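Let me begin by presenting the structure, written as structure tokens, before commenting on it.
Model, not experiment: these values are computed from the prediction. Chain letters run A, B, ... following the sequence lines, proteins first, then strands; residues in each count from 1.
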Amino acid sequence: MVEAPVIGVDIKPHKGVWLKVVWNEGTIPWDPYYIDRGVVRTITDDIRRALAELVRDAMSNSSRFSSQLLKEVANEGRRLYRALFRREFGEQDPAEVQQWLEARSERDRIMFRVEDRIHVPWGLIYDRDPAALPETGPGTNAGPYEDFWCLKYQLSTVYFLVRPRGLGRPFPSDDLLMLPVVNRRVFDRTSGCLRGPEQIVLGRIRAFKDPVYRSSDLFRRWQESRDDIGLLYFYCHANGERIELAPDDEITVQRLKEELDPKSGRAGKPVCIVFLNGCATASGAPDGGFLEATGSRGFCGFIGTETKVPDVFAMRFGLAFLHDFLYRGQTVVEVMDYLRRRHWPLGLIYGTYCYPLLHVQLPEEREPPEDHFVENLSCADLGTEQLDAIMIRT
Amino acid sequence: MSVRIATWPKTPYKGLSVYGPDDIPLFASRDDDVYRCAEVLGLSTTRVLILHGSTGCGKSSFLRAGLIPFLEGEGFFFRKEKAIENKPKALFVRSTDVPLMTLAEELFRFIEADFVLQRPVGPKTLSLAAAKLGFDTREAFLGNVGTEPDLMVKSLEKIAEILPRTLVLVIDQGEEVLTLKPGPEGDVYRDQFFGLIKGFSRVAFDLKLLIALRTEYYGRFEDEVLSRGASAAQVRYYRLRDLSREGIIAAIERPTSTAEIPGYGVPRDHYKFRFAKGVPERIADNLMKRTVPGGRLPVLQIVCERLYNKTRHDGHGAEWEITESEYASLGGVEGQIRAYFTDVLAEWASQNGLKEWQIEKEIERWRDLLCELTVSQADGTATAVLRREQELLDQASALAIKLDFKATMDYLEHDERRIVRRVDVVDVASGQRVNCYSLAHEALALFLRHWKSVRQEARNEAESRTRAIERFLLWFGILVTGTAAVFTVVWVTSGYADPALKTLTIVSALYGLIALAESWLIKRFGLDPRIFLVLHIFLENYLRLLKRILTRLEWFLGQRAKKS
């Protein structure tokens with residue numbers, strides 16, 4: 001695994017109206033400039049809407065994926081790119097930073113460190129003119145779309161707190177305790193849609209033999225084994241501020257924060273990563289979303305979705321991630337990069353909101369397993385439902 | 001970030017000195033606290049962090065050797081001051097009784113200097129002049145920003161807009177805003193300071209305040225903060241607890257550890273000493289058993305430093321062991337701060353040519369002088385106060401101190417001794433900077449105050465004794481003189497001329513008058529009654545001798561008369 005140099009982008013709120021942007025090469029900063037927070041928020045909503053339209057169209061349209069709709073997503077990504085470099089005030093000329101960035105020849109690792117409650121899909125930035133993109137065709141080849149930042153760079157977003165302790169330690173493979181938390185109805189239904197090889201993968205992951213279906217069980221098992229759990233995997237209905245395991249069982253962001261606070265534990269242990277495989281888990285909430293909830297106290301962030309995700313696709317994509325992460329020894333960012341290209345374009349739904357270099361330490365003699373996910377999952381059965389939060393609370 | 005050359009600290013223990021960034025390899029038992037405190041400070045909602053701990057729990061060391069280096073590694077920025085050997089250390093703004101003015105003074109100095117930013121494409125000089133808000137002179141800035149909390153917030157906001165990193169301003173001794181001028185004369189400055197906290201907590205920009213204070217004042221401080229309308233969600237607290245027994249043992253054993261410290265090596269290989277089995281535990285148990293005025297950590301550091309210095313083998317390269325008996329010979333944990341203070345002053349006095357018999361008295365005078373840097377609070381605690389240099393100089397003259405005041409204060413201020421600290425304070429009336437001193441460690445305030453109260457008790461006792469003796473002499477004198485008067489009346493009126501009675505009357509009158517005179521002298525001039533005791537003994541022996549001489553002379557003269 002080759003470590004690409006790190007470019008950091010620190011995004012902090014300023015007086016509620018602007019965002020302070022500081023670019024860094026390693027630990028060396030540029031001076032700051034300020035962009036309009038409201039504009040960024042509007043574009044964020046538009047990007048997610050465009051992506052949601054792509055997903056909806058794919059679910060209802062057998063000849064997916066409309067290049068036109070992909071181009072729409074790129075258009076919004078281009079707007080986000082311009083907003084990121086449109087200075088409202090501040091000494092630093094963003095054009096200087098742009099030139100410096102574009103002059104770099106390596107495929108950099110970019111880490112956005114955010115301290116704001118707007119969860120921006122920085123990976124969906126598109127920095128070229130979308131007019132050059134194809135208008136026709138299936139849109140299932142990632143090749144023409146390399147200028148999306150989630151493909152162009154190894155990009156991740158983390159919540160701006162101190163780095164979690166244990167970040168540098170890989171997960172010891174045999175000891176990585178994974179706790180799957182699933183909506184039973186959806187899980188049973190969609191696992192029945194899995195093909196043979198995918199069933200093998202599901203069977204191979206020991207933790208799925210004993211998943212958690214209720215929040216009370218989740219919190220109990222967490223208390224019992226919190227120092228050892230390295231991966232929390234959620235597959236359920238959700239949105240930016242809650243997870244629904246059942247019609248009568250939801251977990252809000254606040255409750256997750258409180259119940260999963262490991263307090264004084266985890267000393268000497270690797271951090272815990274969270275996979276939130278439900279709809280729009282990365283979209284955030286006014287009072288703070290999952291980025292904040294999984295950004296401290298022994299956690300190192302999460303992988304989540306930018307918009308609504310079809311249930312069967314989510315099941316398969318989640319399994320593909322677990323398979324590569326647990327058994328190939330690759331880092332989170334490498335796995336996500338591969339999966340996004342492999343399963344283009346719906347791989348765009350998933351965003352990396354965690355420290356990117358987490359990986360499992362495989363024994364040297366172990367051979368990487370056979371790849372059971374060779375087919376583009378975007379072209380397979382996506383499912384007929386989406387994993388959005390459907391319960392309305394009064 | 002500059003590359004650090006990893007060198008071991010010169011000594012394994014610090015006495016009363018503070019651990020700093022150069023002491024990181026020896027700073028033990030606080031990893032969890034550093035991390036947890038950093039997390040609290042790092043929260044986006046934290047605008048103000050109040051760090052509190054009891055006296056002597058190690059707040060300053062925790063900040064300088066623990067939290068600040070850690071946060072700098074995480075991208076936070078702390079203003080630095082040049083210290084000895086040009087090694088910059090984090091600048092703490094001392095609260096004083098005029099904290100807003102003091103902060104304004106420091107800010108102005110910061111703003112005046114250009115800030116050179118090392119960027120990926122080369123250095124750039126950033127001007128912080130916008131933070132002056134148009135008040136371009138020091139006097140105008142202090143007069144406005146130093147008195148108006150809203151202007152201070154605006155100035156800080158401008159600084160935050162220009163700097164790329166999150167600046168954390170550290171305000172030390174936060175309790176001084178409550179203790180230095182506790183009465184109505186301090187109200188306006190308290191209003192200013194807590195007005196700053198309120199205003200700062202309500203605006204979101206990239207700068208944080210970290211206020212360190214003693215836990216004894218945390219309740220009042222929190223009440224002041226909240227009652228004046230600060231946003232409670234933006235003001236967070238972190239309590240630095242005293243080290244546990246295990247933590248104390250780890251701190252003692254750290255320089256003798258055989259575990260490698262990344263970037264430095266193995267402590268024992270460098271310091272070449274170890275403790276005999278059970279000695280660290282014994283020290284820790286002794287510390288835990290007692291309530292140690294001034295805190296356990298200062299005493300721990302003093303004990304270990306003294307043990308190390310006492311047993312150190314120079315130049316032989318061989319490892320040595322500190323034994324139980326060597327620890328016992330120090331005399332236990334109590335009195336260590338007193339011993340430290342005495343040793344430091346004795347060493348300096350000796351270097352300056354004072355004889356041994358002069359040193360003890362000189363130390364007493366310095367204790368008296370440095371007591372001026374303490375004050376007792378209504379709740380029985382003692383705190384350090386600031387005194388102007390001139391005031392102390394005048395007091396030193398009044399106490400007839402022999403050692404040079406300035407040279408001694410410089411000696412006591414040195415990092416290796418850390419008994420006093422020099423602080424520049426802005427005089428509110430004149431706007432000028434004034435040199436002041438305070439004690440460098442709260443543990444000394446407690447020790448000096450304790451010593452002062454013990455001495456005051458002894459003085460009170462002596463005074464009571466003197467008063468009692470004076471009263472006794474008075475009444476004895478009245479009684480005996482009265483008796484003599486009665487005898488005289490009897491003698492005159494009765495015509496009874498017994499020589500024995502005459503002698504008794506005269507002697508009684510004499511003793512009575514002497515007693516009355518002594519009583520008057522004690523009361524009028526405050527003489528020590530023991531002077532008269534000595535005088536009496538002397539006179540009695542003198543008169544006896546005189547009588548013998550006169551008897552001999554009488555016999556001699558009689559013999560000569562016979563011969564002639």
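A salt bridge does not link Arg113(A) to Glu74(B): none of the charged nitrogens lies less than 4.0 Å from a carboxylate oxygen.
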task: Could you walk me through whether Glu96(A) and Val121(B) pass the side chain to side chain contact (heavy atoms under 4.5 Å, CB included) test, one step at a time?
output: CA-CA 10 Å; Glu96(A) 200 183 349; Val121(B) 293; 3.9 Å; yes
**OP:** Could you give me the CA-CA distance, side-chain angles and deciding distance for Glu91(A) and Lys124(B), then say whether side chain to side chain contact (heavy atoms under 4.5 Å, CB included) is met?
**Re:** CA-CA 11 Å; Glu91(A) 285 295 313; Lys124(B) 180 179 177 184; 4.1 Å; yes
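Both the backbone and the side chain of Pro29(A) come within less than 4.5 Å of a heavy atom of chain B. At a 4.5 Å heavy-atom cutoff, Tyr33(A) makes no contact with chain B through either its backbone or its side chain.
Within residues 156-170 of chain B, the residues that have a heavy atom under 4.5 Å from a heavy atom of chain A are Glu157(B), Ala160(B), Glu161(B), Ile162(B), Leu163(B), Pro164(B), Arg165(B), Thr166(B), listed by number. Below 4.5 Å, heavy atoms of chain A meet no heavy atom from residues 231-244 of chain B.
Taking 4.5 Å as the limit, every side-chain heavy atom of Leu43(B) sits out of range of all side-chain heavy atoms of Glu292(A). Annotation: side chain of His14(A) is not in contact with side chain of Asp206(B) (no heavy-atom distance under 4.5 Å).
For the set Phe205(B), Tyr35(B), Phe70(B), the count of heavy-atom pairs under 4.5 angstrom toward chain A peaks at Tyr35(B).
Annotation: Lys154(B), atom NZ; neighbour count of heavy atoms from other residues, nucleotides and ligands within 6.0 Å does not exceed 12. No more than 12 heavy atoms of other residues, nucleotides or ligands sit less than 6.0 Å from atom NZ of Lys198(B). At most 12 heavy atoms of other shown residues, nucleotides or ligands fall within 6.0 angstrom of atom CZ in Arg41(A).
Residues Leu117(B) and Trp30(A) come closest through the heavy atom pair CD2-C, 3.9 Å.
Lys12(A) contributes atom NZ, which lies 11.0 Å from atom OG of Ser44(B) (distance to the nearest 0.5 angstrom).
Applying the side-chain contact (heavy atoms from CB on, under 4.5 Å) test between Pro120(B) and each of Asn24(A), Val97(A), Ile28(A), Ile7(A) identifies Ile28(A) as the sole match.
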